[in-house]
Amino acid sequence: DNNFINIYLSSKDIREANSDEDYSKIINSLILDSEKKISNHIENIIVMYDIEKIFSVDISIKRIFDQKVNVKKTSSLLLQESIQLIKNNYITKKIIHFNITKYNIDSDYYFNKIDNELEAKSIILDVKFICLPIEKYTNIINIFKKNNINVSNFYCSSYVRSLSYLDSFKDFKDLIFLDIGFHRSTLIHFNNKVLFSLKSLGIGSNHITKDISKVLKISLEDSEKIKR
């Protein structure tokens, strides 16, 4: 299918973009090819994105009350407070994921969902955020906005992919996934199916290809074949 080939090539070219202008031109072309293929205008889109500057932030927030309170309702309020704290202290970053990694309820620990009726006087939430530079997020949103396309959701692709594999390793307490991209690699560590850490480095498959080419003194095309 020629339309599919054009879309694939356009998306592949995104890896070679060196500036926001390059990204804009390639994405514009990709949108036009996609709309031509489906014979319809794209109104909403979900963005899966990853760069070496994506990182995680941990925060622990505690409250002690005179009387017992509903844990679930109070946790929702504490979560919103923690989100605001991150926004206030990381003003150049954009939160794209967050989740409660641990509850400390009257000195008892919970790692999964808590009962709706549970009450307590002391609540501590451990929350993990995944963030990226806000200018990167804004640039991508604006590219689609210029094409009258709304970005309905924005995800860290390596994190979302790793979530889909968790149920395949039910017997393992600790799971580590390595997602090797073109220009970056991301290491995601889960403990008891809860995100423990996320680290991204500016070293990807393209660097490996270039190293093979340099060491063996062969072309990049031949290096790519050896790598695969």
Side-chain angles (χ1 to χ4, degrees), residues 44-51 53-138 140-141 144-145 150-170 172-177 186-200:
N44 297 287
I45 195 167
I46 295 172
V47 174
M48 305 282 284
Y49 186 67
D50 237 323
I51 55 172
K53 293 182 180 180
I54 282 180
F55 66 101
S56 62
V57 179
D58 294 280
I59 188 171
S60 185
I61 188 165
K62 178 180 180 180
R63 290 292 180 272
I64 298 176
F65 304 93
D66 294 331
Q67 297 179 340
K68 286 189 175 183
V69 296
N70 182 277
V71 172
K72 188 167 186 178
K73 290 180 180 179
T74 306
S75 295
S76 296
L77 296 174
L78 293 179
L79 179 59
Q80 292 304 314
E81 186 176 340
S82 68
I83 292 172
Q84 195 57 52
L85 283 170
I86 294 296
K87 288 181 177 180
N88 292 342
N89 289 278
Y90 291 85
I91 58 175
T92 62
K93 310 302 178 186
K94 172 68 179 178
I95 299 170
I96 54 175
H97 295 284
F98 60 85
N99 64 290
I100 299 172
T101 58
K102 184 172 65 178
Y103 298 84
N104 184 330
I105 312 298
D106 286 340
S107 299
D108 289 326
Y109 293 99
Y110 298 80
F111 296 94
N112 298 310
K113 292 182 179 180
I114 54 176
D115 188 277
N116 290 339
E117 305 303 322
L118 183 63
E119 293 186 336
K121 286 186 175 182
S122 172
I123 301 174
I124 305 174
L125 296 187
D126 289 349
V127 187
K128 187 176 292 292
F129 296 86
I130 298 177
C131 308
L132 78 159
I134 198 165
E135 71 271 14
K136 295 292 185 183
Y137 171 84
T138 303
I140 292 173
I141 296 296
F144 287 105
K145 188 180 291 185
N150 173 60
V151 177
S152 55
N153 285 297
F154 198 106
Y155 298 125
C156 169
S157 59
S158 55
Y159 173 60
V160 171
R161 276 197 294 268
S162 65
L163 288 174
S164 67
Y165 294 124
L166 286 180
D167 287 338
S168 300
F169 301 94
K170 295 180 180 179
F172 293 84
K173 179 181 178 181
D174 283 284
L175 289 171
I176 297 175
F177 299 97
T186 305
L187 193 70
I188 307 106
H189 177 198
F190 289 90
N191 180 266
N192 290 318
K193 293 190 176 182
V194 176
L195 179 64
F196 184 78
S197 65
L198 182 146
K199 303 289 183 183
S200 195

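Keep in mind it's a predicted model, so treat the numbers as computed, not measured.
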- Item | C156 and D50, any side-chain heavy atoms less than 4.5 Å apart | yes
- Message: Could you check whether any side-chain N or O of T101 sits under 3.5 Å from a backbone N or O of V194, counting only pairs where one atom can act as donor and the other as acceptor?
- Response: no
- Note on the structure: The reported gap from CD in E117 to CG in N70 (rounded to nearest 0.5 angstrom) is 6.5 Å
- Side-chain contact test, heavy atoms from C-beta onward, threshold under 4.5 Å: evaluate it for I130 versus I54 and give yes or no. yes
- Rounding to 0.5 Å, atoms CZ (F154) and CD1 (I46) come to a distance of 12.5 Å
- Message: Is any side-chain heavy atom of K93 closer than 4.5 Å to one of F129?
- Response: no
- Task: Measure the spacing between CD1 of I114 and NZ of K72 and express it to the nearest 0.5 Å.
- Result: 7.5 Å
- Query: Quick one: CG on L166 to CG on L175, what's the gap to the nearest 0.5 Å?
  - Reply: 6.5 Å
- Closest non-hydrogen contact found for I96 with Y155 is CD1-C, 4.5 Å
- Message: I need the minimum non-hydrogen distance between I51 and S200, along with the two atoms involved.
- Response: O-OG, 3.3 Å
- Are T186 and K199 close enough, and set up right, to give a side chain to side chain contact (heavy atoms under 4.5 Å, CB included), and what steps lead you there? CA-CA 6 Å; T186 305; K199 303 289 183 183; over 6 Å; no
- Message: How close do V69 and T74 get, counting heavy atoms only, and between which atoms?
- Response: CG2-OG1, 3.4 Å
- Item | H97 vs V160 side-chain heavy atoms within contact, under 4.5 Å | yes
- Task: For residues D174 and F190, determine if any side-chain heavy atom of one lies less than 4.5 Å from a side-chain heavy atom of the other.
- Result: no
- Message: Using modelled atom types and a 3.5 Å cut-off, is there a donor and acceptor pairing between side-chain atoms of T138 and backbone atoms of E135?
- Response: no
- Message: Does any part of the side chain of K193, heavy atoms only, come nearer than 4.5 Å to the side chain of K170, both counted from C-beta?
- Response: yes
- Message: Please verify the inter-ring angle class for F169 with F177; under 30° counts as parallel, over 60° as perpendicular, anything in between as tilted.
- Response: perpendicular
- Calculate, to the nearest 0.5 Å, the distance between atoms CG and OG belonging to L187 and S197 respectively. 6.5 Å
- Message: So, applying ring pair (Phe, Tyr, Trp, His ring centres under 6.0 Å) with H189, which one of Y159, F172, F196 is it?
- Response: F196
- Query: Taking the side chain as C-beta and beyond, is there a heavy-atom pair between L125 and S82 under 4.5 Å?
  - Reply: no
- Message: Can you give me the closest heavy-atom contact between F55 and V57, atom names plus distance?
- Response: CE1-CG2, 3.3 Å
- Just wondering, are more than 12 heavy atoms of other shown residues or ligands nearer than 6.0 Å to OH in Y165? no
- For residues C131 and Y90, determine if any side-chain heavy atom of one lies less than 4.5 Å from a side-chain heavy atom of the other. no
- Query: Looking at I61, I105, N104, I64, which one forms a side-chain contact (heavy atoms from CB on, under 4.5 Å) with I124?
  - Reply: N104
- Task: Consider only side-chain N and O atoms of S122 and D106, and report whether a donor and an acceptor are under 3.5 Å apart.
- Result: no
- Message: Tell me the closest heavy-atom pair linking L78 and R63, and the distance in Å.
- Response: CD2-CG, 3.3 Å
- Output for pair (D126 CG, D58 CG), nearest 0.5 Å, gives 8.0 Å
- Query: Would you find more than 12 non-hydrogen atoms of other residues, nucleotides or ligands less than 6.0 Å from F98 atom CZ?
  - Reply: no
